[in-house]
Amino acid sequence: MKNIKRILAAFLACAMIAACTACEKKDETTSSTPVESAAVATADTATKDEAAGEIKFATEGKLTMATNASFPPYEYYENEEIVGIDAEAAKLIADKLGVELEIKDMEFGSIIGAVQTGSVDIGMAGMTVTEDRLKTIDFSDSYAKGIQAVIVKDGSDIASVDDLEGKTIGVQESTTGDIYATDDFGEENIKRYNKGNDAVAALVSGVVDAVIIDNEPAKSYVASTDGLKILETSYADEDYAVAVSKDNKALTEAINKALKELKEDGSLDAIVEKYIPAE
Ligand code: ARG
């Protein structure tokens, strides 16, 4: 019953976010200034919002976002352009902040470091909130749910998460699939790949017996490859959020405000519906 443990972990992570949000709330001014005016780092707004301070941008006039664009439908290439739920949501957030959006594609495992050092402003990559990550970076409020799913070949003898014991499992390096599976099934049983689709290719060629990866990318990989299926039981339930440096509280606050508005006016739902049409 490995997945029970994971659901609990997700719950704890949520509780932590809720706790953080609660303490930030205390410092919030009651004014209903639009996000834009809170965002522009002028001396004027800086005095208005002393608690959170000014928003810092890696490059002035731009919201620089780190992602790993091999993760449909959240971020992937369409011709030369990075599209997907995260890319479009980030564009709307940047609009609300009154800045341009710039997306930097990098390895998934490099995103948190880039956020921490301030070479980018945010990480948006279907990134799961975990207790460990919260030690080094902040997360915005959650904007989507994620599920760690198990992909196997049609006809595989793996029918549930517990059948993974002793099997060779492919994962995308540094993802929660990697972290949890290594923990549960042992280093010697894990094979790490740079991209989710490389892990899926390894499954097709028989190098691994299963792939643990987020459910929506899993669906997309399975749809474009013959002979694969997703197990009905999930491995872990998660929350996706925007990663922000702990030194940029004003940005986290502004993003939360923007996300709230985008949830309320239905634009976030519209983006999700565009990329994940309801069956
Ligand atoms: N949700 C998982 C995690 O946070 C995987 C995210 C991978 N994202 C990507 N764009 N490759 O670890």
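All residue numbers in this chain count up from 1 along the given sequence.
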State the CD1-OG distance between Ile112 and Ser174, to the nearest 0.5 angstrom.
8.5 Å
Rounded at 0.5 Å granularity, tell me how far OG1 in Thr175 sits from CD1 in Ile212.
9.0 Å
For the pair Asp86 (side chain) and Gly126 (backbone), establish whether a donor and an acceptor sit closer than 3.5 Å, ignoring hydrogens and angles.
yes
Over all atoms of both residues, closest heavy-atom pair of Ala254 and Ile55
CB-CD1, 3.8 Å
If we count only N and O atoms by modelled type, under 3.5 Å, do the side chains of Thr59 and Glu102 hold a donor and an acceptor together?
no
Determine whether Val211 and Tyr221 satisfy the following criterion, side-chain contact (heavy atoms from CB on, under 4.5 Å), listing intermediate values before the conclusion.
CA-CA 11 Å; Val211 168; Tyr221 300 141; over 6 Å; no
Same apolar cluster (I L V M F W Y, side chains within < 4.5 Å links), Val171/Leu164
yes
If you draw a 6.0 Å radius around CD in Glu273, do more than 12 non-hydrogen atoms from other residues or ligands fall strictly inside?
yes
Going through the checks in order, is the side chain to side chain donor-acceptor pair (under 3.5 Å) test met by Ser160 and Asp162?
CA-CA 5 Å; Ser160 76; Asp162 290 329; 4.9 Å; no
Regarding Lys249 and Asp138, does a basic nitrogen lie under 4.0 Å from an acidic carboxylate oxygen?
yes
How about Lys260: does its NZ atom have over 12 heavy atoms from other parts shown lying under 6.0 Å from it?
no
Using the side-chain contact (heavy atoms from CB on, under 4.5 Å) rule, take Tyr240 and Met127 through it: C-alpha gap first, then chi angles, then the decisive distance, then the call.
CA-CA 5 Å; Tyr240 292 166; Met127 193 180 276; over 6 Å; no
Glu88/Lys91 ion pair, N-O < 4.0 Å
no
State, yes or no, whether a side-chain contact exists between Ile276 and Ile85 at a heavy-atom distance under 4.5 Å.
yes
Asp226 atom CG, over 12 foreign heavy atoms within 6.0 Å
no
Show every salt bridge (charged side-chain N to carboxylate O under 4.0 Å, His left out) that has at least one partner inside residues 194-209, sequence neighbours left out.
none
Counting N and O atoms only, with roles assigned by atom type, does the side chain of Asn248 sit under 3.5 Å from a partner on the main chain of Lys56, one being a donor and the other an acceptor?
yes
Between Ile151 and Val161, is there shared hydrophobic-cluster membership here, with clusters defined by ILVMFWY side-chain heavy atoms closer than 4.5 Å?
no
Main-chain N/O of Val222 paired with Thr225 side-chain donor or acceptor, under 3.5 Å:
no
Which heavy atom in Gly61 sits nearest to a heavy atom in Val99, and how many Å separate them?
O-CB, 3.4 Å
Going hydrophobic residue to hydrophobic residue with side-chain gaps under 4.5 angstrom, can you get from Leu251 over to Ile93?
yes
Quick check on the hydrophobic clustering: are Ile169 and Ile179 connected, directly or via other members, by side-chain heavy-atom contacts under 4.5 Å?
yes
Are a donor atom and an acceptor atom from the side chains of Arg192 and Thr182 found within less than 3.5 Å of each other?
yes
One pair to check against side-chain contact (heavy atoms from CB on, under 4.5 Å): Asp184 and Tyr235. What are the steps and the verdict?
CA-CA 11 Å; Asp184 286 341; Tyr235 177 51; 2.6 Å; yes
Among all residues two or more places apart in sequence or in another chain, which pass the salt bridge (charged side-chain N to carboxylate O under 4.0 Å, His left out) test with Lys153?
none
For Asp157 against Asp163, the heavy-atom pair lying closest together
O-OD2, 3.8 Å
Which atom pair, heavy atoms only, marks the closest approach of Val129 to Ala241?
CG2-CB, 3.5 Å
Distance only, no hydrogens: is a donor on one side chain within 3.5 Å (strictly under) of an acceptor on the other, for Ser267 and Asp265?
yes
Mind listing the side-chain donor-acceptor pairs of residues 67-84 below 3.5 Å, one per line with the distance, residues two or more places apart or on another chain?
unit_1	atom_1	unit_2	atom_2	d
Thr67	OG1	Glu75	OE1	3.2
Thr67	OG1	Met124	O	2.7
Asn68	OD1	Ser70	OG	3.2
Asn68	OD1	Gln172	NE2	2.9
Asn68	ND2	Met106	O	2.9
Tyr77	OH	Asp105	OD2	2.9

Between OG1 of Thr130 and NZ of Lys135, what distance do you get to the nearest 0.5 Å?
8.5 Å
Lys145/Glu216 salt bridge by N-O under 4.0 Å criterion
no
In Å, rounded to the nearest 0.5 Å, how long is the span from CG of Leu97 to CG of Leu92?
11.0 Å
CA sep, side-chain torsions, deciding dist, call: Val120, Met65, side-chain contact (heavy atoms from CB on, under 4.5 Å):
CA-CA 6 Å; Val120 300; Met65 157 182 158; over 6 Å; no
Minimal non-hydrogen separation, Leu63 against Ala90, with atom names:
CD2-O, 4.2 Å
Please determine, by modelled atom types, if Asn256 and Thr252 share a side-chain donor-acceptor pair under 3.5 angstrom.
no
Which heavy atom of Glu238 sits nearest a heavy atom of Tyr180, and at what distance?
OE2-CE1, 3.4 Å
Under 3.5 Å: donor-acceptor pair, side chain of Asn215, backbone of Ala149
no
Would you compute the distance between atom CD1 of Ile111 and atom CD of Gln116 and round it to the nearest 0.5 angstrom?
13.0 Å
Please determine whether a side-chain nitrogen of the Lys or Arg among Lys257 and Glu261 lies less than 4.0 Å from a carboxylate oxygen of the Asp or Glu.
yes
Answer yes or no: are there more than 12 heavy-atom neighbours, outside Glu232 itself, under 6.0 Å from its atom CD?
no
Under 4.5 Å between side-chain heavy atoms, counting indirect links through other Ile/Leu/Val/Met/Phe/Trp/Tyr residues: same cluster for Ile190 and Tyr193 or not?
no
